[in-house]
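A short worksheet on the structure shown next.
Just so it is clear: chains get the letters A, B, ... in the order the sequence lines come, proteins before strands, and each one is counted from 1.
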Amino acid sequence: MIRTRFAPSPTGDLHVGGARSALFCWAFARHEAGRFLLRIEDTDQKRSSAAAGLGFLEALDWLGIDWDEGPEHGTSGGGNTGPYFQSQRLEIYQAQMQRLIDAGVAYRAFETPEELAQARAGARQRKEAYRYDRAALSLDADTVQQYLDEGRPHVIRFKVPDEPVVVVDAVLGEVRIEAGELEDFVIRKADGFPTYHFAVVVDDQSMGVTHVLRGQEHLANTPKHVLLQQALGYDTPVYAHVSLIFNPDGSKMSKRDKDKALRAAVRERGLDAPPAGCGIDTDAWSSWLSDKTTQLGHEQAEALAGVLDIELPEINVSDFRRAGYLPEVLLNYLALLGWSPGDDREQFDKAFLVEHFSLDRIVKSPAKFDRAKLKAFNLDAIQAMDADAFTTRLRAFAQQFEGAFLEAMTPEQFETFAGANHERCKTLTDPFDQGRFFVMADDEITWPDVKGLRKALCKGDPTGYERLEAIRPMLEGLSDWSAASLESAIGDWAKSNCEGNLGRIAQPLRVAVSGGTVSPPIFDTLEILGQAAVLRRIERCLAHQLNTATS
RNA sequence: GGCCCGUUCGUCUAGCGGUUAGGACGCCGGCCUCUCACGCCGGUAACAGGGGUUCAAAUCCCCUACGGGUCACCA
């Protein structure tokens with residue numbers, strides 16, 4: 001039976017690249033009626049934390065990717081080839097490690113990290129490729145024993161055989177590595193934990209993994225894994241290396257891109273101190289600015305982006321969730337980034353993916369992540385929903401991220417709000433981002449002196465202000481404040497007061513009640529706001545009066 | 001720098017020796033219109049370069065260029 005696995009390290013959220021790898025593993029296993037497992041690669045004691053591990057389980061779950069074996073989450077997880085956390089498999093690695101030592105193909109090495117770093121630096125200066133010199137291999141047994149008795153920290157290295165290695169890859173074909181290209185790499189760290197290379201090989205064997213689908217950054221590691229498999233007498237799984245996902249500018253999509261965008265904006269504005277309200281103290285600020293590897297926390301980054309008025313790039317699955325993309329759309333788009341069904345079909349669901357997925361249709365070349373296309377797919381999916389489905393999803397999204405709207409609106413108002421936005425939004429955040437004025441207090445609305453507002457309020461004869469003044473009594477006297485009633489009343493009014501041109505009054509109204517030039521259809525907007533708020537806002541707008549002399 | 005991988009419209013891709021090189025997103029133009037969107041109609045646009053092989057090459061081979069990955073006691 002086919003068995004695939006996704007094996008992330010628990011270092012933060014699920015990156016879209018990782019999500020795509022998981023998706024391919026999942027789709028392949030489902031297509032082949034096999035099993036998909038999840039394994040947590042937490043052998044780095046410095047970087048692992050239990051809390052970080054949960055983030056991507058949630059992300060996978062949200063995307064609709066379930067797993068048959070692995071950590072338990074919802075209905076996923078379980079299985080009998082565990083444990084699925086590498087940190088809980090130390091005895092297994094130790095037993096396999098001993099086989100290698102007994103066979104004479106693994107040996108202890110006592111060089112310190114500092115010594116090795118120095119040797120590497122020297123090699124670089126001489127413009128030579130550094131490979132471990134096998135010095136420890138020539139240590140005699142007594143010396144080794146003496147070092148061990150002294151308790152000297154040491155690693156275990158694998159004695160790489162002097163022969164070429166051929167990796168057979170389902171996507172890339174055969175990749176041949178000549179003898180002498182690989183050094184005797186470390187398989188057990190000084191802290192007793194196996195390195196990634198060793199743990200992966202042991203786990204894939206003991207978990208019965210038949211196919212390894214992963215990012216192409218692992219290609220260069222694969223010869224090591226093949227060698228270890230041979231030394232241990234294991235089977236070599238089928239490998240399929242998927243190309244990387246890049247930013248539109250060709251750089252690698254990275255968790256650090258958010259900080260990169262923020263630093264660029266900070267430098268551009270010449271900010272030399274942390275803006276108030278973003279929760280960053282001066283010391284953290286300066287070290288963050290000078291050290292490109294440091295990252296701001298999520299809250300801080302969001303706050304700073306708000307102050308700088310820039311959009312942070314979405315990188316993690318959770319970013320796309322928060323940005324209002326539908327999980328089935330992200331999944332569809334991710335599948336298309338590096339795979340295609342072979343015909344012109346681009347929009348499809350999970351069932352289609354499972355039915356048609358195959359390794360030989362995975363693309364070799366790297367792909368740039370195109371948010372515009374993702375957004376277009378999201379729009380198509382939103383428009384394909386019926387009104388109830390959309391309202392339900394928008395409400396669920398509001399519960400998650402936009403609670404203020406649910407507090408400020410009755411269920412009926414929210415339904416109108418959803419309906420008014422359904423046709424015109426590309427993401428679930430659009431209605432909220434463009435509709436802040438719905439939940440603002442009437443006296444929080446302001447009318448900045450910008451071109452669009454001047455045009456709606458000050459231009460024309462009569463001006464927008466004058467029309468607002470004129471229509472106010474009619475609105476005040478309207479007894480049925482529904483969109484339909486407003487439409488007929490304002491429509492009639494426009495016929496006799498605006499030469500039948502609805503826009504002459506619609507736009508001043510829009511500006512008066514929203515403080516901006518963009519809103520849902522005006523009658524829906526007025527209905528949701530309610531008569532009292534609309535009249536108050538019109539009054540305040542009239543009282544405010546942009547300076548017409550400067551326009 | 002060594003090793004490895006890749007290269008079709010701006011982007012994602014179809015193509016697996018003979019096609020007017022197809023689709024999608026974007027972009028441009030027009031229509032619709034109470035704003036923004038949506039929708040509809042139309043259009044622009046690609047085989048990185050050079051050598052081979054072949055009757056025939058985007059498709060096969062080689063070289064170059066460019067892009068990327070990797071060279072940790074990270075995974």
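- To the nearest whole angstrom, the two P atoms, one in G52(B) and one in C12(B), are 32 Å apart.
- In the set C5(B), U11(B), A24(B), U11(B) carries the atom at the smallest distance from any side-chain atom of D370(A).
- Picking from C5(B), C73(B), C34(B) the nucleotide with the shortest atom distance to the side chain of V186(A) gives C73(B).
- Between the side chains of Q507(A) and R510(A), a donor-acceptor pair is found at a separation under 3.5 Å.
- In this structure, of G69(B), U35(B), A75(B), it is A75(B) that holds the atom nearest to the side chain of N221(A).
- Using a 4.0 Å heavy-atom cutoff across all strands shown, V155(A) reaches at least one base atom of the nucleic acid.
- Residue contacts for P153(A): at a heavy-atom cut-off of 4.0 Å it reaches no nucleic acid atom on any strand shown.
- For the residue pair E314(A)/Y325(A), the side-chain donor-acceptor check at 3.5 Å is not satisfied.
- Between F185(A) and H197(A), the ring center distance clears the sub-6.0 Å criterion.
- Residue contacts for R214(A): at a heavy-atom cut-off of 4.0 Å it reaches no nucleic acid atom on any strand shown.
- Screening W339(A), F6(A), F357(A) for a ring-ring contact (aromatic ring centres under 6.0 Å, His included) involving F24(A) leaves a single residue, F357(A).
- The gap from the P atom of G39(B) to that of C5(B) amounts to 44 Å, rounded to the nearest Å.
- When heavy atoms are screened at a 4.0 angstrom cut-off, F193(A) is found touching no nucleic acid atom at all.
- Nucleotide C40(B) is matched to G30(B) when pairs are restricted to Watson-Crick or G-U wobble geometry with both distances under 3.5 angstrom.
- Put simply, K189(A) has a side-chain N or O that comes within less than 4.0 Å of OP1 or OP2 on C74(B).
- The NE2 atom of H241(A) sits 12 Å away from the P atom of U70(B) (whole-angstrom rounding).
- Contact annotation for L219(A): backbone-only contact, meaning every heavy-atom pair under 4.0 Å involves sugar-phosphate atoms and none involves a base.
- Here T112(A) lies in heavy-atom contact (under 4.0 Å) with a base.
- The pair E402(A)-R436(A) counts as a salt bridge, with a side-chain nitrogen and a carboxylate oxygen less than 4.0 angstrom apart.
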- Message: Set out, in order, the CA-CA distance, both residues' side-chain angles and the distance that settles side-chain contact (heavy atoms from CB on, under 4.5 Å) for H15(A) and M253(A), then state yes or no.
- Response: CA-CA 9 Å; H15(A) 183 272; M253(A) 236 175 147; 4.1 Å; yes

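- When the P atom of G6(B) is taken as reference, atom CD1 of I245(A) falls 18 Å away, rounded to whole Å.
- Atom OH of Y107(A) and atom P of C73(B) are 12 Å apart (whole Å).
- Comparing C425(A) and L336(A), the nucleotide of RNA chain B nearest to each residue sits closer to the 5' end for L336(A).
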(request) Verify side-chain contact (heavy atoms from CB on, under 4.5 Å) between L213(A) and L359(A), making sure each step is shown before the conclusion. (result) CA-CA 9 Å; L213(A) 282 66; L359(A) 300 184; 3.7 Å; yes

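- In this structure, R361(A) reaches the G15(B) phosphate: one of its side-chain N or O atoms is under 4.0 Å from OP1 or OP2.
- Backbone-only contact: A367(A) has heavy atoms under 4.0 Å from sugar-phosphate atoms and none from a base.
- At a threshold of 4.0 angstrom between heavy atoms, the contacts of G215(A) with the nucleic acid are absent.
- The base-pairing partner of U53(B), taking Watson-Crick or G-U wobble contacts with both distances under 3.5 Å, does not exist among the strands shown.
- Looking at the side chain of F377(A), the nearest of the listed nucleotides A75(B), A24(B), U35(B) is A24(B).
- Atoms CZ (F369(A)) and P (C25(B)) sit 16 Å apart, rounded to a whole Å.
- The side chain of S365(A) has U7(B) as its nearest neighbour among G10(B), U7(B), A14(B).
- Between C74(B), G39(B), C34(B), one nucleotide has an atom nearer to the side chain of D44(A) than all others, and that is C74(B).
- Residue A129(A) is classed as having no contact, given no heavy-atom separation below 4.0 Å to the nucleic acid.
- Nucleotides C16(B) and U70(B) are separated by 30 Å at their C1' atoms, to the nearest Å.
- The side chain of K368(A) approaches C12(B) more closely than any other nucleotide in the set C4(B), C12(B), C73(B).
- Among the atoms of the strands shown, base atoms are found under 4.0 Å from some heavy atom of H197(A).
- At least one cation-pi condition fails for R108(A) and F110(A): the charged atom is not both under 6.0 angstrom from the six-membered ring centre and inside a 45 degree cone around its axis.
- Of the P atoms belonging to A48(B) and G67(B), the separation is 16 Å, rounded to the nearest Å.
- Residue contacts shown for E111(A) include a base, since a base heavy atom lies under 4.0 Å away.
- Using a 4.0 Å cut-off, some side-chain N or O of K426(A) falls inside it from OP1 or OP2 of C38(B).
- Per the geometry, CG belonging to N378(A) stands 13 Å off P belonging to C38(B), to the nearest Å.
- The separation of U64(B) from U7(B), taken at their C1' atoms, amounts to 13 Å, rounded to a whole angstrom.
- Nucleic acid contact for F246(A): sugar-phosphate only, since backbone atoms but no base atoms lie under 4.0 Å from a heavy atom of the residue.
- Figure legend. C71(B) is base-paired to G1(B); pairs are counted as Watson-Crick or G-U wobble with both atom distances under 3.5 Å.
- Across all strands shown, U7(B) is found opposite A65(B) as a Watson-Crick or G-U wobble partner, with both distances under 3.5 Å.
- Of the side-chain N and O atoms in R120(A), one or more sit less than 4.0 angstrom from OP1 or OP2 of C73(B).
- Remark on RNA chain B: of its neighbouring residues D344(A) and E178(A), the 5'-side contact belongs to E178(A), judged by nearest-heavy-atom nucleotide.
- Listed candidates were C34(B), G26(B), C3(B). Nearest to the side chain of A372(A) is G26(B).
- Taking atom NZ of K373(A) as the reference point, atom P of C12(B) lies 10 Å away to the nearest angstrom.
- Dashed line: the shortest gap from a side-chain N or O of T195(A) to OP1 or OP2 of C73(B) is not under 4.0 Å.
- Judged purely by atom type and a 3.5 angstrom limit, W67(A) has no side-chain atom pairing as donor or acceptor with the backbone of R5(A).
- Contact annotation: side chain of Q216(A) to base of G69(B), donor-acceptor pair absent below 3.5 Å.
- Pairing partner, U19(B): none, since no Watson-Crick or wobble contact has both distances short of 3.5 Å.
- Test K159(A), R157(A), R134(A), K224(A) against D184(A) for salt bridge (charged side-chain N to carboxylate O under 4.0 Å, His left out) and you get one pass: R134(A).
- Rounding to whole angstrom units, NE2 of residue H218(A) and P of C4(B) are separated by 20 Å.
- Each of C5(B), U35(B), G69(B) was ranked by its minimum atom distance to the side chain of Q507(A); first place goes to U35(B).
- Picking from G69(B), C4(B), G10(B) the nucleotide with the shortest atom distance to the side chain of I177(A) gives C4(B).
- Residue-level contact check: L502(A) touches the bases, meaning some heavy atom is under 4.0 Å from a base atom.
- G342(A) comes within 4.0 angstrom of the backbone, heavy atoms only, and of no base.
- Computed from coordinates, the R176(A) CZ to C5(B) P distance equals 12 Å when rounded to whole Å.
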